[in-house]
Amino acid sequence: MKNNKPTLHDVARVAGVSIATVSNVLNNKSSELSDKTKDKVLNAIETLNYEPNQFARGLKTGRSNIIAFIVPDQNPFFTEVLTEISHECQKHHLHVAVASSEENEDKQQDLIETFVSQNVSAIILVPVKSKFQMKREWLKIPIMTLDRELESTSLPSITVDNEEAAYIATKRVLESTCKEVGLLLANPNISTTIGRKNGYNKAISEFDLNVNPSLIHYSDQQLGTNAQIYSGYEATKTLLSKGIKGIVATNHLLLLGALQAIKESEKEIKKDVIIVGFDDSYWNEIYTPKLTVISQPVKEMGQVAAKMIYKLIKGKDVTSIKLSTKLIIRESCSFNKT
């Protein structure tokens, strides 16, 4: 059977250029070519629906043109980030493979070693813990971190100001006249948790209140997605049994667990319980009542991460970036300030 898939020769013929020119455009080595020539090649690729043979290119370059994205759990936040990373990487003929460590350090190490052995072009890592032991063989490919920072490493990162985010969320609950605020946190050994706890403490102190450790709850750091949902559920049940009327849930999974506990308690959000979550999504607006959340710049984070990792692949220097968050006020924590 004849193979009708367009070839490199077909692209060169339609564009009216040499095969070498097409190859340079595909491999991002076209800096000396005119914009007109590049456009001819790109238009020919689009017209013919040409797909480069990634396997053959990988054999030649020693890289698979795959970016590995290692996430810690199945939080929808990472799915949204993945969408933006994938879209941006496609511009450079790179594809993204995602895997979850489920907050397990051993599994995280196995995933890194597997991807390194498969000659991926780079790794974007959301680390399980703030402390990270870098192996020498891992240094042969670019690695950066996202969302969570690492201690004592030179790996570039893209994060948000977690302390400021939790401060704003806690302050919002305190302004509702709640004098005791429960805090739902994830793994205690990651930078996001540390920053968010610090922001909570800052807000409590600003209102001349004492931080009560019994109101701060962490999730099980070893079990991942389901453990965080369950942790949010159990912690909220405990807080409600103590008569706590204000809660800050510092990620999407913890918020899901908290909402389930509130529903089972037959208490009403806003009337009986004030709650602020983290991470915005369409369902926050259709939930009853609509949920007040700290919105993280998901699209920007994914786009910037992809651009950063591409620069690293090209051997360029990059600088770590910290983005800002935004409080989106809805019914679960809306009130008129006096």
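One is the number of the first residue; the rest follow in order along the sequence. Worth saying up front: this structure is predicted, and the values here are computed from it rather than measured.
For Asp208 and Lys179, the salt-bridge test fails: no basic side-chain N is under 4.0 Å from an acidic carboxylate O. Between Asp10 and Arg13, at least one side-chain nitrogen of the basic residue sits less than 4.0 Å from a carboxylate oxygen of the acidic one, meeting the salt-bridge criterion.
The salt bridge (Lys or Arg N to Asp or Glu O under 4.0 Å) pairs that include a residue from residues 224-244 are Glu234-Lys237, where partners are two or more places apart or lie in different chains.
In this structure, the separation between NZ on Lys197 and CD on Glu163 is 12.5 Å, given to the nearest 0.5 Å. Considering OG of Ser157 and CG of Leu146, their distance stands at 9.0 Å, rounded to 0.5 Å.
Crowding of Lys311 atom NZ: a count of heavy atoms from other residues, nucleotides or ligands under 6.0 Å not exceeding 12. Atom OH of Tyr287 has more than 12 neighbouring heavy atoms from other residues, nucleotides or ligands inside a 6.0 Å radius.
Closest non-hydrogen pair, Ser130 versus Ser191, comes out as OG-N, 3.1 Å. Between Asp73 and Gln228 the shortest heavy-atom distance is OD2-NE2, 2.8 Å. Nearest heavy atom pair, residue Leu323 against residue Ile321, reads CD2-CG2, 3.7 Å.
Checking Glu105, Glu151, Glu149, Glu103 one by one against Lys129, the salt bridge (Lys or Arg N to Asp or Glu O under 4.0 Å) holds for a single residue, Glu105.
Side chains of Asp39 and Asn43: a donor-acceptor N/O pair is absent below 3.5 angstrom, by distance only. Side-chain atoms of Thr83 and Ser86 include no donor-acceptor pair closer than 3.5 Å. For the residue pair Thr114 / Ser117, no side-chain donor-acceptor distance below 3.5 Å is found, with atom types taken as modelled.
Note: Trp138 and Phe115 fail the aromatic proximity criterion, with ring centroids not under 6.0 Å apart. Within the 6.0 Å centre-distance limit, the rings of His92 and Tyr310 are counted as a close aromatic pair.
Not one N or O on the side chain of Ser295 forms a donor-acceptor pair closer than 3.5 Å with the backbone of Ile328.
Residues satisfying the side-chain hydrogen bond (donor to acceptor under 3.5 Å, both in side chains) criterion with Glu137, sequence neighbours excluded, are absent altogether.
Two residues are said to be in side-chain contact when any heavy atoms from C-beta on lie closer than 4.5 Å; Met301 and Glu84 fail this criterion.
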